[in-house]
> 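Dropping a structure here in structure tokens format, bear with me for questions.
Every chain is numbered from 1 and lettered A, B, ... according to where its sequence line falls, protein lines coming before strand lines. Since the model is a prediction, treat every value here as computed from it, not as a measurement. For the numbers below, each heavy atom of this structure counts, side chains included, while hydrogens, waters and symmetry mates do not.
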Number of protein chains: 2
Amino acid sequence: MDFAYADALNQAIRLLSLRHRARAAALLAPLGLHPGQEALLLELDRTGPRIQAQLSDALGCEPPSVTLMTRKLEAAGHIRRRPAPSDKRASIVELTDSGKALADQIKHLWRALAKETVTGLSAETVAALPDILNTMTSNVDTSRSATRTAAGTV
Amino acid sequence: MDFAYADALNQAIRLLSLRHRARAAALLAPLGLHPGQEALLLELDRTGPRIQAQLSDALGCEPPSVTLMTRKLEAAGHIRRRPAPSDKRASIVELTDSGKALADQIKHLWRALAKETVTGLSAETVAALPDILNTMTSNVDTSRSATRTAAGTV
DNA sequence: TGCATAACATTATGCGCGTAACTAAATTCT
DNA sequence: AGAATTTAGTTACGCGCATAATGTTATGCA
């Protein structure tokens with residue numbers, strides 16, 4: 001592992017993060033969304049109402065981030081919050097009709113984005129890609145709760 | 001390209017971005033650096049003094065971001081700015097001795113980070129990884145200036 | 001039962017990134 | 001040479017992410 005390779009790899013990851021996020025931002029802008037928010041809407045669409053702690057877990061970000069994101073999405077009318085009946089600390093977050101409609105639009109955009117992203121890669125690479133990325137994520141995940149599609153063979 | 005795959009791929013990219021950045025943050029914290037700043041220092045270390053426009057190009061981010069990053073790195077004593085002799089609009093940015101020392105430490109950390117990241121992947125995958133990531137970056141790059149290690153075979 | 005501890009959520013603050021709007025200097029084009 | 005355009009840089013502001021500190025409710029244990 002020489003520095004040239006390490007530098008190339010880390011830089012490639014950084015640039016992919018930046019550009020992929022920028023492209024997502026461009027696609028989501030017409031919906032009035034910022035990148036990151038789509039993940040929250042998709043999670044609610046997948047699994048139904050969740051409390052914020054579950055959301056921060058699923059999204060892989062910290063509770064304060066969820067507080068602010070939900071506040072903005074609520075102000076925009078895409079989600080709704082109500083107190084959890086069995087736990088006075090928690091609030092349950094769920095999609096409004098507007099949020100559900102938005103989730104459907106996001107799904108279309110994300111199909112297009114994924115297709116665009118893997119253009120020019122071999123079929124085998126495309127098939128292996130999610131596992132490769134998830135392995136890398138697990139490798140650097142200090143919170144020890146990454147999706148772990150592939151266990152790290154350390 | 002079904003939605004399940006698209007969702008898995010986009011989510012994997014998002015999570016890798018988050019966790020890789022978080023891991024970088026943890027490694028850089030003892031040096032008093034935030035992720036993103038190391039890229040600027042490494043770029044200066046690679047190519048010598050540059051004007052900010054060249055930096056924003058090399059880092060793949062916008063000029064205002066460079067303005068703020070350089071301001072903080074200058075305040076920390078890691079870089080220095082001086083007016084460009086041939087262009088009164090531009091300022092030349094260069095490493096101080098402290099910045100050079102920091103760049104060397106970053107190189108060690110980055111070797112470790114890259115090694116950690118690819119743990120458990122096959123040798124072939126590891127070898128192909130930078131090209132795969134760069135291709136993906138080029139595919140979603142709207143600014144049309146990605147490193148283009150592999151040209152998109154569209 | 002009562003108390004210490006853990007968990008849910010929030011506020012405050014800071015950083016890297018973005019866009020929009022602006023100034024000033026350089027360049028291009030009649 | 002003078003006017004229009006491009007380029008370098010900044011300021012102002014917003015968003016997603018982070019950590020630290022705080023209040024409130026649940027829970028586990030003596």
Side-chain angles (χ1 to χ4, degrees), chain A residues 14-41 50-76 81-93 142-143, chain B residues 14-29 31-41 50-76 81-93 141-143:
Chain A
R14 180 178 177 274
L15 262 186
L16 176 60
S17 302
L18 249 55
R19 297 290 124 236
H20 188 265
R21 187 181 185 84
R23 186 77 183 108
L27 292 171
L28 294 170
L31 306 185
L33 293 178
H34 294 268
Q37 301 182 326
E38 88 290 339
L40 201 155
L41 296 178
R50 316 294 303 267
I51 69 170
Q52 292 183 202
Q54 293 173 319
L55 285 175
S56 76
D57 228 54
L59 301 184
C61 61
E62 300 298 318
S65 304
V66 175
T67 295
L68 300 179
M69 285 173 64
T70 53
R71 183 175 302 165
K72 280 157 196 162
L73 288 171
E74 186 179 27
R81 295 153 111 178
R82 54 182 164 85
S86 60
D87 190 335
K88 288 181 185 171
R89 300 167 302 177
S91 32
I92 295 175
V93 181
T142 47
S143 66
Chain B
R14 180 177 177 276
L15 263 187
L16 175 60
S17 302
L18 249 56
R19 297 289 124 238
H20 187 265
R21 188 182 184 84
R23 186 76 184 106
L27 292 171
L28 293 170
L31 306 184
L33 293 178
H34 294 268
Q37 300 181 328
E38 88 291 339
L40 201 156
L41 296 177
R50 317 294 304 266
I51 69 170
Q52 292 184 201
Q54 293 173 319
L55 286 176
S56 75
D57 228 55
L59 301 184
C61 61
E62 299 298 318
S65 304
V66 175
T67 294
L68 300 180
M69 285 173 64
T70 52
R71 184 175 301 165
K72 279 157 198 163
L73 287 171
E74 187 180 26
R81 295 152 111 177
R82 54 182 164 85
S86 60
D87 190 335
K88 288 181 185 172
R89 299 167 304 177
S91 33
I92 296 175
V93 181
D141 188 6
T142 48
S143 66

> Give the rounded distance in Å between these two atoms: CG of A/L28 and C1' of D/dC15.
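Checked: the CG to C1' distance equals 13 Å.
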> Taking atom P of D/dG14 as reference, at what distance in whole Å does atom CG of A/L73 sit?
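After rounding, the reported distance stands at 17 Å.
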> Whole-Å distance between C/dT10 P and A/K88 NZ?
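Result: 17 Å.
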> I want to check something: taking the side chain as every heavy atom from C-beta on, are B/S17 and A/L16 in contact at a cut-off of under 4.5 Å?
no
> Could you check if a side-chain atom of A/V93 sits within less than 4.5 angstrom of a side-chain atom of A/R81, using non-hydrogen atoms only?
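Yes. Closest side-chain heavy atoms under 4.5 Å.
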> Of all the choices, C/dC17, C/dA26, D/dG9, which nucleotide is nearest to the side chain of B/D87 once you look at every atom?
C/dA26
> Among C/dC17, D/dC17, C/dA9, which is the nearest nucleotide to the side chain of B/R14?
D/dC17
> For A/L68 and C/dG14, what is the distance between atoms CG and P respectively, to the nearest whole Å?
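Value for this atom pair: 15 Å.
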> Expressed as a whole number of angstroms, how long is the span from A/I51:CD1 to C/dA9:C1'?
10 Å
> Just wondering, do B/P83 and B/K88 contact through their side chains at under 4.5 Å, heavy atoms?
no
> Expressed in angstrom and rounded to an integer, what is the separation of A/R71 atom CZ from D/dG16 atom P?
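Taking atom P of D/dG16 as the reference, CZ of A/R71 is at 12 Å.
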> To the nearest angstrom, how far is A/R19 atom CZ from C/dC17 atom C1'?
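To the nearest whole Å, that distance equals 10 Å.
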> Would you state whether a donor and an acceptor, one from the side chain of B/R89 and one from the base of D/dT7, lie under 3.5 Å apart?
yes
> What nucleotide, of D/dA12, C/dT11, C/dC15, holds the atom closest to the side chain of A/P64?
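Shortest atom-to-atom distance from the side chain points to C/dT11.
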> Can you find a side chain N or O atom of B/T67 that sits less than 4.0 Å from OP1 or OP2 on D/dT11?
no
> Tell me which nucleotide among D/dG9, C/dT11, D/dT11 gets nearest to the side chain of B/Q52.
D/dG9
> Does OP1 or OP2 of C/dC8 have a side-chain N or O of A/R50 closer than 4.0 Å?
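False: A/R50 side-chain N/O out of range (4.0 Å or more) of C/dC8 OP1/OP2.
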> Hey, are the side chains of A/S91 and A/Q52 touching, using non-hydrogen atoms and a 4.5 Å cut-off?
yes
> Calculate the interatomic distance between B/L18 atom CG and C/dC17 atom C1'; express it in whole Å.
13 Å
> If each of B/Q54 and A/G60 is mapped to the nucleotide of DNA chain D with the nearest heavy atom, which maps nearer the 5' terminus, i.e. the 5' end?
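On the 5' side of the pair lies B/Q54.
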> Could you measure the distance from the CZ atom of A/R23 to the CG atom of A/L28? Nearest 0.5 Å is fine.
10.5 Å
> With sugar-phosphate meaning primed atoms plus P, OP1 and OP2, does B/E62 contact a base, only sugar-phosphate, or nothing at under 4.0 Å between heavy atoms?
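Base contact.
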> Give me the atom names and distance for the closest heavy-atom approach of B/V66 to B/C61.
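Answer, listing the atom of B/V66 first, then B/C61: CG2-SG, 4.1 Å.
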> Taking only N and O in the side chain of B/K72, is any of them less than 4.0 Å away from OP1 or OP2 of C/dG16?
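For C/dG16, OP1/OP2 do have a side-chain N/O of B/K72 under 4.0 Å.
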> Nearest of D/dG16, C/dG16, D/dT10 to any side-chain atom of B/M69?
C/dG16
> Of the nucleotides D/dG9, C/dG18, D/dA26, which one has an atom closest to the side chain of B/C61?
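So the side chain of B/C61 is nearest to C/dG18.
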> If only side-chain N and O atoms of B/Q37 are considered, is one of them under 4.0 Å from the OP1 or OP2 phosphate oxygen of C/dC15?
no
> Check every strand shown and say whether B/P35 touches a base, only sugar-phosphate, or nothing at a heavy-atom separation below 4.0 Å.
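Since only primed, P, OP1 and OP2 atoms lie under 4.0 Å of B/P35, the category is sugar-phosphate.
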